[in-house]
Asks: 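Sending over a structure as structure tokens; questions will come in a sec.
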Number of protein chains: 2
Amino acid sequence: MSADTDISPTADGILEAITRVFAEKGYEGVRVSELAAAAQVNKATLYYQIGDKETLYHRVLERLLRRAADEVAGAVADAGDCESKIRRFIAILARNTGNLRFTAPIMLREVAAGGGNLPDAALLQMSRLLGMLGEALDEGVAAGSLRPVNGFLVHMMIVATLMLYSSNEPIRRRVAELNPGLAPENLFLSSEALADQVADLVLSSIRT
Amino acid sequence: MSADTDISPTADGILEAITRVFAEKGYEGVRVSELAAAAQVNKATLYYQIGDKETLYHRVLERLLRRAADEVAGAVADAGDCESKIRRFIAILARNTGNLRFTAPIMLREVAAGGGNLPDAALLQMSRLLGMLGEALDEGVAAGSLRPVNGFLVHMMIVATLMLYSSNEPIRRRVAELNPGLAPENLFLSSEALADQVADLVLSSIRT
DNA sequence: GTATGGTTTAACCTTTTGGTTGAATTATTT
DNA sequence: AAATAATTCAACCAAAAGGTTAAACCATAC
């Protein structure tokens, strides 16, 4: 069922290695030879183990989104009230480490491209995320602590803010240089501070 | 000073035409011959009138961001209180027409790429936008109607939400197909409704 | 009309691209 | 240890890429 499980260790190592390259340069910006070099493998091995450039990319996408959704699901599962569910949801997505680090740039490019390269498997994982937040919001509404809002838009707001923020650090640096008046403590947040501030803003906008 | 003003009408026509192509395919995804075809001009004319592929892209970026910032500045200038300034700020950026239509995908890709291709001129226009919102927020805080928050984060939140929403329509469509339970009226908003809902959420999160 | 300047173009060149292949290597089975 | 199957690789290839150029074109001035 899962495309990961019946995959050879070599193939998974390749996917692990090339994820970073796709994240940094984007599908069109990457040369197959770079992928091979990153995976420390001959170009032909990529084709033998996985497939052509497009297939490589699809596999990377699926793997990445499944892991992201799994991580969030794990964190949200054992949270108490709806507010802490939402906070954990945000906290995980704000964390910019491991494989999650590459999710944002890849997804930003996918969105920009109209999602033409997003396989259904990847969309399903996005829907999982959407569902988790939706449940937390519904729970809050039922409990009377949250007002009913457009859950999809709130989801978009959270994900968009976190993805853009995680990815635009180099741009922020330049903006800060160009505008010495800007307070650096507002521009450069640790992922924890980012999560807290985003959660505060979001929650105070949807509380009753 | 402005790179636009001393440009020949031919060159500006080229920039106008190729903006769409860059927006749809991204820098690496575009072939110079496609750009020439889109501008209905020979490939060599691009080089004669403007320059190589990278220069073309830089010019497109500058032009696009300057126009976006100008539009927002115009709308915000003659607004009354800070809330209506913020609402207009959001309304203009939510509008997905004309040149503004291409800003979102291009900027998303730029962010994903770490802004390596963003010329300072383009960053300056982004700073202008940031400044406009910052002023409105400060005004509200001074008047006691808004609480002090991280203005940069609020800016990110607004821009990120609007850019992602404008660009991910095709993905939303597929998500809606995959999840028939989702209410379509939440997923598919007119740009006016989007602006209203985003403004409502943002304002209710920063009001005193 | 024709000389002059800027402008456009078809054809061309070099390098790089994604993709392939048959031989070599390694692992597995008997 | 011989035979067979799975895997990796260096070398190769056709197509496509970005970029250049010399000739043609066209407006204006004389």
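Chain naming here is simple, since letters A, B, ... match the order of the sequence lines and numbering starts at 1 in each. Values below: all heavy atoms of this structure, side chains included; hydrogens, waters and symmetry mates excluded. Since the model is a prediction, treat every value here as computed from it, not as a measurement.
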Asks: Restricting to side-chain hydrogen bond (donor to acceptor under 3.5 Å, both in side chains), what partner residues turn up for A/N42, sequence neighbours left out?
Replies: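 None.
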Asks: Take atom CD1 of B/I14 and atom P of C/dT7, then tell me their distance rounded to the nearest Å.
Replies: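 Atom CD1 in B/I14 sits about 11 Å away from atom P in C/dT7.
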Asks: If we only count heavy atoms from C-beta on, is the B/R109 to A/L108 side-chain gap below 4.5 Å?
Replies: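 With C-beta onward as the side chain, the pair stays apart.
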Asks: Send over the distance from A/I50 CD1 to D/dT7 C1', rounded to a whole Å.
Replies: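 That distance rounds to 14 Å.
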Asks: At less than 4.0 Å, is any side-chain N or O atom of B/Y47 found next to OP1 or OP2 of D/dG19? Yes or no.
Replies: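 For D/dG19, OP1 or OP2 has a side-chain N or O of B/Y47 closer than 4.0 Å.
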Asks: As a test of reading the structure: which of C/dG19, D/dT20, C/dG6 is closest to the side chain of A/K53, going by heavy atoms?
Replies: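 Closest nucleotide among those given: C/dG19.
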Asks: Report yes if a side-chain nitrogen or oxygen of B/T45 is closer than 4.0 Å to either non-bridging phosphate oxygen (OP1 or OP2) of C/dT7; otherwise report no.
Replies: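 No, no such contact exists.
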Asks: Do any of residues 22-31 of chain B sit with a heavy atom less than 4.0 Å from DNA chain D, and if so which?
Replies: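 Heavy-atom contacts with DNA chain D come from B/V30, B/R31.
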Asks: Of all residues at least two apart in sequence or in a different chain, which pass the side-chain hydrogen bond (donor to acceptor under 3.5 Å, both in side chains) check with B/S204?
Replies: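 Once residues adjacent in sequence are excluded, the partners of B/S204 under the side-chain hydrogen bond (donor to acceptor under 3.5 Å, both in side chains) criterion are A/R147.
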Asks: Which pairs with one or both residues in residues 27-48 of chain B pass ring pair (Phe, Tyr, Trp, His ring centres under 6.0 Å), sequence neighbours excluded?
Replies: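 Checked against ring pair (Phe, Tyr, Trp, His ring centres under 6.0 Å) - neighbours excluded - the pairs reaching residues 27-48 of chain B are B/Y27-B/Y57.
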Asks: Rounded to the nearest Å, what distance is computed from the NZ atom of residue A/K43 to the C1' atom of nucleotide D/dC9?
Replies: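 Between C1' of D/dC9 and NZ of A/K43: 12 Å.
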Asks: With a 4.5 Å limit on heavy-atom distance, are the side chains of A/M126 and A/M107 in contact?
Replies: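 They are in contact (side-chain heavy atoms under 4.5 Å apart), so the answer is yes.
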Asks: OP1 or OP2 of C/dT8 less than 4.0 angstrom from a side-chain nitrogen or oxygen of B/Q49, does that happen here?
Replies: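 True: B/Q49 side-chain N/O within range (under 4.0 Å) of C/dT8 OP1/OP2.
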Asks: Mind calculating the distance between CG (B/N42) and C1' (D/dT21) to the nearest angstrom?
Replies: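 In whole Å, D/dT21 C1' and B/N42 CG are 12 Å from each other.
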Asks: Just how far, in rounded Å, is P of C/dT17 from CD of A/E54?
Replies: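 Rounded to the whole Å, the gap is 19 Å.
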Asks: When you measure from the side chain of B/Y48, which nucleotide among C/dT7, D/dG19, C/dT21 comes out closest?
Replies: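 Nearest listed nucleotide: C/dT7.
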Asks: Output every pair passing salt bridge (charged side-chain N to carboxylate O under 4.0 Å, His left out) with a member in residues 176-204 of chain A, not counting sequence neighbours, ordered by first then second residue.
Replies: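 Residue pairs passing salt bridge (charged side-chain N to carboxylate O under 4.0 Å, His left out), neighbours aside: A/R87-A/D200.
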Asks: Let me know the distance between CG of A/D52 and C1' of C/dT17, rounded to the nearest Å.
Replies: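 Result: 14 Å.
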Asks: Quickly work out the B/Q40 CD to C/dT8 P distance and round it to whole Å.
Replies: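 After rounding, the gap between these two atoms is 14 Å.
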Asks: Name the atoms and distances for all side-chain donor-acceptor pairs under 3.5 Å in residues 152-167 of chain A, with sequence neighbours left out.
Replies:
{"residue": "A/T161", "atom": "OG1", "partner": "A/M157", "partner atom": "O", "Å": "2.6"}
{"residue": "A/Y165", "atom": "OH", "partner": "A/R172", "partner atom": "NH1", "Å": "3.0"}
{"residue": "A/Y165", "atom": "OH", "partner": "A/L187", "partner atom": "O", "Å": "2.5"}
{"residue": "A/Y165", "atom": "OH", "partner": "A/L189", "partner atom": "N", "Å": "3.0"}
{"residue": "A/S166", "atom": "OG", "partner": "A/L162", "partner atom": "O", "Å": "2.4"}
{"residue": "A/S167", "atom": "OG", "partner": "A/M163", "partner atom": "O", "Å": "3.1"}

Asks: A/I18 CD1 to C/dG18 P: how many Å, rounded?
Replies: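 From A/I18 CD1 to C/dG18 P: 13 Å.
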